[in-house]
Amino acid sequence: MTHPTPTPGSGAPGSTPSRALSPATFVVTAGRPPRVPGAPVSPGVDFSSTYAVRPAEVGRPGYGRDENATWTAFESVLGGLEGGNALVLASGMAAIAAALSLAPPGRPILAPTTPYNTTSALLEELAAAGRPVRRAPVADTAGFIAALAGAGRTGGPAGMVWLESPTNPLMEVADLPTLIAAARGHGALVVCDNTFATPLLQRPLDWGADIVVHSVTKYLAGHSDLLLGATVTHPDRDDLHRGLLTHRVRHGAIAGPMETWLALRGIRTLHVRFERAAANAAVLARRLAGHPGVARVRWPGSGAMLAIDVAGDPEDPGPADRVVAALRVWTGATSLGGVESLIERRRRYPGESTAVPECLLRLSVGIEDVEDLWADLDQALSTAVADPR
Ligand SMILES: *Cc1c(COP(=O)(O)O)cnc(C)c1O
């Protein structure tokens with residue numbers, strides 16, 4: 001399925017090139033000021049909280065909670081990449097909260113059993129407030145579709161289907177085209193968290209999803225120096241775009257202009273960063289699978305995120321913690337998608353799902369030299385995992 005090229009919002013600072021360009025070209029060329037002599041090639045940061053309006057102008061607030069030229073520039077790049085209309089928000093969770101606010105009232109929300117842990121916590125909060133929330137394993141296509149239809153459950157078919165693929169941190173892969181088609185067949189709104197894959201690997205809107213959400217904090221910005229989020233709505237669903245825009249204005253979780261400008265600078269190199277990080281991940285996934293200190297590698301075959309189960313008792317955090325402590329090039333830290341390689345034992349969070357084993361390490365592979373990354377992992381796994389067989 002193809003969609004028309006999105007039109008940038010009014011006040012777009014640049015002439016946005018057609019998405020018919022390859023993503024590698026589009027991330028570099030989109031969201032620039034118009035090409036007139038003397039114009040800057042790179043947009044500046046729009047720090048204004050208010051804008052001059054004509055005295056008789058109706059309907060345009062001209063206020064910084066409603067509009068900002070730096071937002072518009074970033075939104076035109078991300079919207080074009082995903083094939084929809086983007087809105088930038090203060091964080092990935094602000095984008096997720098905004099999308100969940102559009103769930104049709106009175107109908108269940110269906111979500112993966114083990115999505116990103118803070119998404120899960122927010123869904124639990126909604127459930128505690130009386131909202132029906134249903135869970136099903138997202139990699140079990142038939143089971144997820146049965147849960148969607150509501151067979152044998154109270155509440156009928158789901159009104160909103162929440163998807164995340166690959167999931168954080170179990171790296172479960174959903175059959176997105178099939179699940180999206182099934183959800184639409186039941187008239188459900190479909191939201192997909194595309195943070196791990198990025199629009200370079202998959203565009204859920206092309207498969208009929210209504211809304212894509214992103215933690216821009218991760219690959220899109222790419223340098224672990226800011227927090228930001230975004231929604232992108234299907235070009236046919238201007239009603240949803242307006243709903244999200246209203247949510248942003250009224251709930252006020254707006255993005256800082258400086259963060260947005262840094263994300264715009266970061267997304268210029270998305271393609272080269274992601275290509276290099278994914279190539280590194282492919283090499284590491286293959287070598288880790290043959291390492292005696294590793295019981296299991298979870299890697300979906302593309303992308304730059306992977307997880308390993310450290311050999312030994314799956315519910316013993318000790319060996320995995322020792323691996324992280326022994327690393328010198330990799331940094332033991334949360335978050336992902338930056339240029340630097342990060343590693344984290346996810347069960348260190350009390351709120352992480354017990355479906356995630358204590359021995360699991362999540363790896364965000366960066367753009368360093370892959371031999372340096374491998375040598376560091378090899379020495380840490382070898383010294384930290386005593387007699388793994
Ligand atoms: C990090 C993350 C989020 C939350 O984004 P923030 O920018 O930290 O609020 C949501 N979904 C996934 C898959 C993530 O990895």
Side-chain angles (χ1 to χ4, degrees), residues 74 78 82 86-101 111-125 138-139 162-174 176 191-202 204 209 211-232 244 247-248 251-256 258-260 262-263 266-267 270 274 277 281 298 300 303-307 333-338 340-346 348-349 351-353 355-356 360-366:
F74 179 78
L78 179 57
E82 284 285 10
L87 285 174
V88 67
L89 287 109
S91 65
M93 284 314 301
I96 287 166
L100 282 171
S101 78
T113 314
T114 317
Y116 173 61
N117 61 15
T118 312
T119 301
S120 203
L122 184 55
L123 287 164
E124 288 307 312
E125 200 179 292
V138 78
W162 193 271
L163 296 169
E164 181 182 313
S165 181
T167 58
N168 181 356
L170 288 176
M171 305 303 300
E172 296 166 293
V173 175
L176 289 180
V191 186
C192 185
D193 185 331
N194 207 23
T195 299
F196 269 35
T198 83
L200 299 181
L201 290 187
Q202 66 192 19
I211 304 173
V212 160
V213 295
H214 274 284
S215 172
V216 176
T217 312
K218 316 292 172 53
Y219 288 105
L220 303 181
H223 294 76
S224 306
D225 53 8
L226 61 90
L227 275 90
L228 208 68
T231 58
V232 193
L244 292 164
H247 179 96
R248 182 171 73 178
H251 292 251
I254 58 162
M258 191 68 217
E259 279 77 4
T260 312
L262 285 167
I267 207 170
L270 171 66
F274 199 76
R298 301 166 192 256
M305 292 301 298
L306 55 98
T334 197
S335 202
L336 59 105
E340 66 292 298
S341 292
L342 302 180
I343 189 165
E344 182 183 35
R345 195 176 68 77
R346 289 297 285 182
R348 73 193 184 90
Y349 294 107
E352 187 56 87
S353 166
V356 178
L360 181 142
L361 292 174
R362 188 187 71 185
L363 283 71
S364 171
V365 181

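Whatever order the structure lists ligands and atoms in, that order sets their numbers, starting from 1.
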Distance check, rounded to the nearest 0.5 Å: [X] atom [atom1] versus [Y] atom [atom2]?
{"X": "Asn194", "Y": "Leu200", "atom1": "CG", "atom2": "CG", "answer": "9.5 Å"}
{"X": "Ile96", "Y": "Asp193", "atom1": "CD1", "atom2": "CG", "answer": "5.0 Å"}
{"X": "Asn117", "Y": "Asn168", "atom1": "CG", "atom2": "CG", "answer": "7.0 Å"}

So, for [X] and [Y], which heavy atoms are closest and what is the spacing to 0.1 Å?
{"X": "Thr195", "Y": "Ser215", "answer": "OG1-N, 3.0 Å"}
{"X": "His223", "Y": "Gly266", "answer": "CE1-CA, 4.1 Å"}
{"X": "Leu170", "Y": "Thr114", "answer": "CD1-CG2, 3.8 Å"}

Is there any protein N/O under 3.5 Å from an N/O of ligand 1, and what does the full list of such pairs look like?
unit_1, atom_1, unit_2, atom_2, d
ligand 1, 5 (O), Ser215, OG, 3.0
ligand 1, 7 (O), Gly92, N, 2.9
ligand 1, 7 (O), Ser215, OG, 2.8
ligand 1, 7 (O), Thr217, OG1, 2.7
ligand 1, 9 (O), Gly92, N, 3.0
ligand 1, 9 (O), Met93, N, 2.8
ligand 1, 11 (N), Asp193, OD2, 2.7
ligand 1, 15 (O), Asn168, ND2, 3.1
ligand 1, 15 (O), Lys218, NZ, 2.9

